[in-house]
Amino acid sequence: GAFFHNNLAGFHRLDGQGHELWGTVLLHLDSKNSQISSRLARAMDIGPRLESVRREHYARVLAQLNQRNLSTDLREVIDGQVVAMRAKAG
């Protein structure tokens with residue numbers, strides 16, 4: 001969790017690899033412990049406030065997550081982030 005919460009430069013890399021890693025880790029953790037995956041997902045509550053390039057990377061990973069079979073805990077967080085991103089776009 002420290003990488004996502006305390007390493008903003010690495011997490012929000014301009015090439016989007018930090019966000020892709022976030023999505024991969026969430027999916028892996030969700031199958032093991034949904035409460036931890038949902039807590040870790042909160043690292044991207046700031047997604048709508050990112051500048052456009054990083055926001056696009058985040059939106060792509062979020063769309064991929066949104067299509068997966070997620071636990072109830074993680075689904076609640078991801079759905080909220082999708083709503084926040086749509087509000088930002090609209």
Side-chain angles (χ1 to χ4, degrees):
F3 175 78
F4 302 113
H5 289 284
N6 298 327
N7 182 11
L8 296 180
F11 181 35
H12 297 296
R13 290 173 45 152
L14 195 55
D15 64 5
Q17 288 185 356
H19 296 159
E20 290 175 20
L21 177 62
W22 171 78
T24 300
V25 169
L26 286 182
L27 290 174
H28 177 74
L29 282 176
D30 198 40
S31 66
K32 312 262 186 259
N33 189 324
S34 63
Q35 290 180 349
I36 290 179
S37 67
S38 63
R39 213 171 306 134
L40 191 58
R42 292 276 179 207
M44 279 305 296
D45 282 350
I46 67 163
R49 296 189 309 263
L50 294 172
E51 52 80 27
S52 63
V53 172
R54 289 175 175 92
R55 194 170 55 243
E56 288 174 21
H57 290 303
Y58 165 61
R60 185 179 63 246
V61 173
L62 191 60
Q64 292 168 353
L65 287 169
N66 199 33
Q67 295 176 13
R68 301 297 292 263
N69 184 21
L70 306 174
S71 68
T72 304
D73 294 329
L74 184 55
R75 171 63 54 202
E76 181 179 339
V77 175
I78 296 300
D79 285 350
Q81 291 175 345
V82 167
V83 168
M85 288 294 285
R86 287 183 182 149
K88 174 72 175 181

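All residue numbers in this chain count up from 1 along the given sequence.
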Only distances under 3.5 Å count here; give the side-chain donor-acceptor pairs of residues 56-64 to other protein atoms, sequence neighbours excluded, each with its distance to 0.1 Å.
unit_1 : atom_1 : unit_2 : atom_2 : d
H57    : ND1    : R60    : NH2    : 3.3
H57    : NE2    : L14    : O      : 2.9
Y58    : OH     : Q81    : OE1    : 3.2
R60    : NH2    : E20    : OE2    : 3.2

What distance do [X] atom [atom1] and [Y] atom [atom2] have between them, rounded to the nearest 0.5 Å?
{"X": "L74", "Y": "Q35", "atom1": "CG", "atom2": "CD", "result": "12.0 Å"}
{"X": "L40", "Y": "I36", "atom1": "CG", "atom2": "CD1", "result": "9.0 Å"}
{"X": "M44", "Y": "I78", "atom1": "CE", "atom2": "CD1", "result": "9.5 Å"}

Holding to side-chain contact (heavy atoms from CB on, under 4.5 Å), I want the full list of residues that pass it with S34, two or more places apart in sequence or in another chain. D30, S37, S71, D73

Can you name the residues that form a side-chain contact (heavy atoms from CB on, under 4.5 Å) with D15, not counting sequence neighbours? R13, Q17

Between W22 and L65, what is the shortest heavy-atom contact and its length? CZ3-CD1, 3.7 Å

Please say yes or no: joined through hydrophobic side-chain contacts below 4.5 Å, possibly via intermediate residues, are V77 and L70 part of one cluster? no

With side-chain contact (heavy atoms from CB on, under 4.5 Å) as the test, would you mind laying out the steps for R55 and M85 before giving the verdict? CA-CA 9 Å; R55 194 170 55 243; M85 288 294 285; 3.4 Å; yes

Test item: T24 and H28 side chains (from C-beta on) under 4.5 Å apart, heavy atoms: no

